[in-house]
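Notes follow once the structure below has been shown.
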Amino acid sequence: MRNKIKRNCYCGDLRVEHEGKEVCLAGWVQTRRDLGGLIFVDLRDRSGIVQVVFNPEHKEALKTADKIRSEYVIAVKGKVFRRPEENVNPKIPTGYIEVMGNELEILSAAKTPPFAIEDDVKVDESVRLKYRYLDLRRPQMLRNVIFRSKVNKAIRDFLDANGFLEIETPILTKSTPEGARDYLVPSRLNPGEFYALPQSPQLFKQILMISGMERYYQIARCFRDEDLRADRQPEFTQLDMEMSFIDVEGVITLNEKLIKYVTEKVTGTEIEIPFPRMTFKQAMEKYGSDKPDTRFGMEMVDISHIVSDSNFKVFSQAVKGGGCVKGLNIKKGGETFSRRQIDELAEKAKEFGSKGLAWINITLEGIKSPIAKFFDEKTLAKIIDALQGETGDLIIFVADTNTELVMTSLGSMRIYLAKTLNLIDKRKLNFLWVTEFPLLEYSEDEKRFVAKHHPFTSPMDEDISLLDKEPAKVRAKAYDIILNGTELGGGSIRIHDAALQKKMFETLGFSQERAENNFGFLLRAFEYGTPPHGGIAYGLDRMIMLLLGLESIRDCIAFPKTQNASCLMTEAPGEVDIKQLKELHVQVKI
RNA sequence: GGCCCAGUAGUUCAGUUGGUUUAGAACGCCAGCCUGUCACGUUGGAGGUCGUGGGUUCGAGUCCCAUCUGGGUCGCCA
């Protein structure tokens with residue numbers, strides 16, 4: 001580059017105190033306003049925008065300024081002037097001054113961008129993704145990138161100060177069963193064999209504990225070949241950590257300090273610790289979800305005991321069949337929901353898996369409800385009392401012989417209602433621990449128990465004896481950290497006893513051979529002195545999305561992929577040369 | 001894999017029951033004028049594979065079928 005003007009300060013930093021100073025700036029042309037003999041240029045760099053003026057006193061510069069267009073890259077030498085009162089622009093931080101340009105150099109011309117480089121630009125996301133380098137120039141996107149960088153730094157500062165080592169683990173690794181679909185990489189040197197990209201560094205971090213590292217962390221890229229969502233990308237970043245000689249309490253308290261430190265550092269919002277905790281069972285019973293959103297109330301109430309002997313067979317038979325009846329009180333819902341809208345709610349409930357929706361509308365004129373006639377006055381009063389029903393409220397019920405279905409469908413209704421009725425205070429940051437997850441869950445597909453977290457999760461000591469007879473009842477030393485109804489991360493204390501690990505594999509229906517094939521290296525490592533250990537992993541993209549209040553994870557990832565898992569900028573994935581395939585011993589059939 | 005929404009100028013959109021001429025508007029872009037603009041103003045101008053393919057029809061941006069792309073969601077994501 002032959003440019004003579006060397007930058008010595010940043011556009012967004014200039015203030016009245018710099019008056020009279022000769023400055024050299026460089027950046028992109030935000031806008032050019034040509035008044036004939038006078039040209040104004042808003043110059044933008046990473047720090048912000050400042051107005052540069054070109055007038056006939058500097059003929060060469062003015063002549064060059066005539067040629068520049070939006071997004072040209074220029075360098076300017078000029079003097080900082082305080083603007084006269086009537087020319088101040090209070091809308092921008094640098095609006096009290098301007099730079100009188102006396103030298104101007106065009107460093108690079110630019111095509112007209114396909115969309116304006118400004119916030120709240122009305123443009124389809126696919127256009128933004130195709131021209132991501134332009135999209136990232138927008139202040140909002142720049143802010144997100146900077147924010148993310150600050151989060152990473154705060155994490156590193158905290159963990160470093162707490163004795164953690166940042167250790168990298170392989171990207172080319174081994175495919176393991178269970179869990180998500182793997183991304184595979186063919187091996188040139190080993191024909192017919194494949195690496196898998198890691199779904200998480202899980203096994204390596206446990207090995208690192210056996211290696212005596214004691215405290216490990218990594219801001220690790222992870223890969224899962226599953227369908228995408230607004231908060232799910234095929235490659236994403238985990239804050240992964242593991243500690244030796246630790247228990248559930250230890251992991252939780254350290255992580256509360258970490259979250260407090262990081263959040264306060266990057267948002268300035270004060271975070272109170274310790275966070276509330278609830279068990280998986282409590283979460284399901286009250287909120288119908290293992291990741292409750294506690295920013296609003298409307299908790300579920302069980303009325304099974306009240307209606308078990310009632311004449312309303314939908315309710316009584318649900319209870320007698322081993323299920324339950326639960327209700328939600330939509331405060332003042334009787335006033336907001338018309339009869340027709342209540343019917344729409346019932347349709348919604350069906351979408352969420354329930355067979356129907358019963359309701360009681362407590363109006364000024366008395367109870368309105370298609371099911372009231374089945375109950376005597378005393379029972380009806382008890383039901384309403386249980387849900388703290390008052391005049392104007394609308395109470396809805398779901399009943400089923402499948403208790404879990406009642407909880408999850410009503411839980412989904414709860415979230416749906418909160419969104420439609422605007423019950424959520426978006427300024428809140430409600431962190432919450434959910435503990436005592438079930439160790440196992442029965443898979444109808446595979447006709448066996450599978451690990452809810454992963455196969456290395458330790459059962460709770462008092463439940464180990466249940467492993468043989470009632471595996472479904474065994475609780476795990478596992479915990480999730482929830483923020484505003486979204487799972488931020490999760491982890492567990494691991495099994496460090498070879499015999500217990502073996503038993504776990506048996507319960508999961510793994511043959512010894514299969515366990516050896518898939519996890520042999522880990523089992524072998526376990527035999528050489530394994531410290532008790534445990535850890536946690538956060539979805540870092542998701543955490544940043546939530547802290548920034550973004551709707552999509554894509555807005556805090558510099559180069560995200562579309563729902564089709566393709567990159568509109570690079571056009572990945574793409575076809576490759578036949579020669580490459582041959583070297584990899586890969587034949588393509590479509 | 002299922003369901004839903006969208007695709008018309010560089011961008012965001014309008015385009016009625018299928019028929020008003022050459023498919024419009026705004027912003028952007030280009031050119032002229034303009035010394036205090038900051039959403040500069042002003043005069044003029046250029047710019048279209050109506051996502052793609054097929055079908056119905058005298059006639060399709062509009063109706064039908066298929067397909068592609070982007071988004072949301074269910075399944076899936078230990």
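Computed over heavy atoms, backbone and side chain alike; hydrogens, waters and symmetry mates excluded.
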> B/rU35, B/rG71, B/rG70: which one has an atom nearest the side-chain heavy atoms of A/Ser126?
Replying inline: B/rG70
> Considering only side-chain heavy atoms of A/Thr112, which listed nucleotide, B/rU12, B/rC76, B/rC29, is closest?
Replying inline: B/rC29
>> Checking base pairs now: Watson-Crick or wobble, both atom distances under 3.5 Å. What partners B/rA6?
In response: B/rU69
>> Less than 4.0 angstrom between a side-chain N/O of A/Arg33 and OP1 or OP2 of B/rU37, yes or no?
In response: no
> In terms of side-chain heavy atoms of A/Arg232, which of B/rU35, B/rG70, B/rG75 is nearest?
Replying inline: B/rG75
> Of all residues at least two apart in sequence or in a different chain, which pass the salt bridge (Lys or Arg N to Asp or Glu O under 4.0 Å) check with A/Asp463?
Replying inline: A/Arg475
> Say you pick atom C1' in B/rA9 and the same atom in B/rA14; how far apart are they, in whole Å?
Replying inline: 13 Å
> With a 4.0 Å cut-off on heavy atoms, is A/Leu568 in touch with a base, just the backbone sugar-phosphate, or nothing at all?
Replying inline: sugar-phosphate
>> With rounding to the closest Å, how many angstrom separate the C1' atoms on B/rG32 and B/rG71?
In response: 44 Å
Detail all sub-3.5 Å separations between protein N/O atoms and N/O atoms belonging to nucleotides 44-46 of chain B.
none

>> When you measure from the side-chain N and O atoms of A/Asn564 to the phosphate of B/rU69, is any distance below 4.0 Å, counting only OP1 and OP2?
In response: yes
>> I'd like the P distance from B/rC4 over to B/rG41, given in whole Å.
In response: 45 Å
>> Give me the distance, rounded to whole Å, that separates B/rC64 from B/rU56 when you measure between the C1' atoms they each carry.
In response: 7 Å
>> I'd like to know if A/Arg69 reaches the base of B/rC30 with its side chain, counting only an N/O donor and acceptor under 3.5 Å.
In response: no
> NA contact type, A/Pro84, heavy-atom cut-off 4.0 Å: base, sugar-phosphate, or nothing?
Replying inline: nothing
> Residues in salt bridge (Lys or Arg N to Asp or Glu O under 4.0 Å) with A/Glu86, at least two apart?
Replying inline: none
>> Going by the rule ring-ring contact (aromatic ring centres under 6.0 Å, His included), which residues pair with A/Phe559 if we only count those two or more places apart in sequence or in a different chain?
In response: none
> Can you name the residues that form a salt bridge (Lys or Arg N to Asp or Glu O under 4.0 Å) with A/Lys63, not counting sequence neighbours?
Replying inline: none
> How would you label the contact of A/Thr457 with the nucleic acid (heavy atoms, under 4.0 Å): base, sugar-phosphate, or nothing?
Replying inline: nothing
> For B/rG71, does OP1 or OP2 lie under 4.0 Å from any side-chain N or O of A/Arg229?
Replying inline: no
> Which pairs, with at least one residue in residues 62-100 of chain A and sequence neighbours excluded, count as a ring-ring contact (aromatic ring centres under 6.0 Å, His included)?
Replying inline: none
> Is the shortest side-chain N to carboxylate O distance from A/Arg232 to A/Asp227 below 4.0 Å?
Replying inline: no
>> Nearest heavy atom decides the nucleotide; on that basis, is A/Pro455 or A/Val53 closer to the 5' end of RNA chain B?
In response: A/Val53
> For atom C1', what is the distance between B/rA39 and B/rA26, given to the nearest Å?
Replying inline: 13 Å
> Which of these passes side chain to side chain contact (heavy atoms under 4.5 Å, CB included) with A/Cys222: A/Gln238, A/Gln199, A/Gln233?
Replying inline: A/Gln238
> Which nucleotide in the list B/rU11, B/rG70, B/rC77 gets nearest to the side chain of A/Val123?
Replying inline: B/rU11
Measure all distances between protein nitrogen or oxygen atoms and nitrogen or oxygen atoms of nucleotides 5-10 of chain B, and list the pairs falling under 3.5 Å.
residue: B/rG10; atom: O2'; partner: A/Pro114; partner atom: O; Å: 3.3

>> I'd like to know if A/Glu235 pairs up with A/Lys561 as an ion pair, taking the criterion as any Lys NZ or Arg NE/NH1/NH2 lying under 4.0 Å from an Asp or Glu carboxylate oxygen.
In response: yes
> Quantified in whole Å, what is the P atom distance between nucleotide B/rC3 and nucleotide B/rG59?
Replying inline: 33 Å
>> Suppose the criterion is salt bridge (charged side-chain N to carboxylate O under 4.0 Å, His left out): which pairs have a residue in residues 115-131 of chain A, not counting sequence neighbours?
In response: A/Glu125-A/Arg554, A/Arg128-A/Asp135, A/Arg128-A/Asp555
>> Below the 4.0 Å mark, does B/rG72 have OP1 or OP2 next to a side-chain nitrogen or oxygen of A/Gln563?
In response: yes
> Phosphate oxygens OP1/OP2 of B/rC74: is one of them under 4.0 Å from a side-chain N or O of A/Ser412?
Replying inline: no
> Residues in ring-ring contact (aromatic ring centres under 6.0 Å, His included) with A/His58, at least two apart?
Replying inline: none
> Does A/Arg224 make a side-chain donor-acceptor contact with the base of B/rC76, cut-off 3.5 Å?
Replying inline: no
> Which value, in whole Å, describes the distance between the P atoms of nucleotides B/rG44 and B/rU37?
Replying inline: 24 Å
>> Taking only the P atom of each, what is the distance from B/rG10 to B/rC29 in whole angstrom?
In response: 15 Å
>> Looking at A/Arg69 and A/Lys111, would you say the former's side chain and the latter's main chain have a donor-acceptor pair under 3.5 Å?
In response: no
> What does A/Ser492 touch in the nucleic acid at a heavy-atom separation under 4.0 angstrom: a base, only the sugar-phosphate, or nothing?
Replying inline: nothing
> What residues, two or more places apart in sequence or in another chain, satisfy side-chain contact (heavy atoms from CB on, under 4.5 Å) together with A/Lys502?
Replying inline: A/Gln512
>> Looking at A/Lys291 and A/Asp480, is any side-chain nitrogen of the basic one under 4.0 Å from a carboxylate oxygen of the acidic one?
In response: no
> Any idea which of B/rC40, B/rG71, B/rU73 is nearest the A/Ala230 side chain?
Replying inline: B/rU73
> For A/Lys21, which residues count as a salt bridge (Lys or Arg N to Asp or Glu O under 4.0 Å) partner, sequence neighbours excluded?
Replying inline: none
> Picking from B/rC77, B/rG36, B/rG70, which would you name as closest to the side chain of A/Glu226?
Replying inline: B/rC77
>> Using a heavy-atom cut-off of 4.0 Å across all strands, would you classify A/Arg32 as base, sugar-phosphate, or nothing?
In response: nothing
>> With the threshold set at under 4.0 Å for non-hydrogen atoms, list the residues of residues 95-103 of chain A touching RNA chain B in residue-number order.
In response: A/Glu98, A/Met100
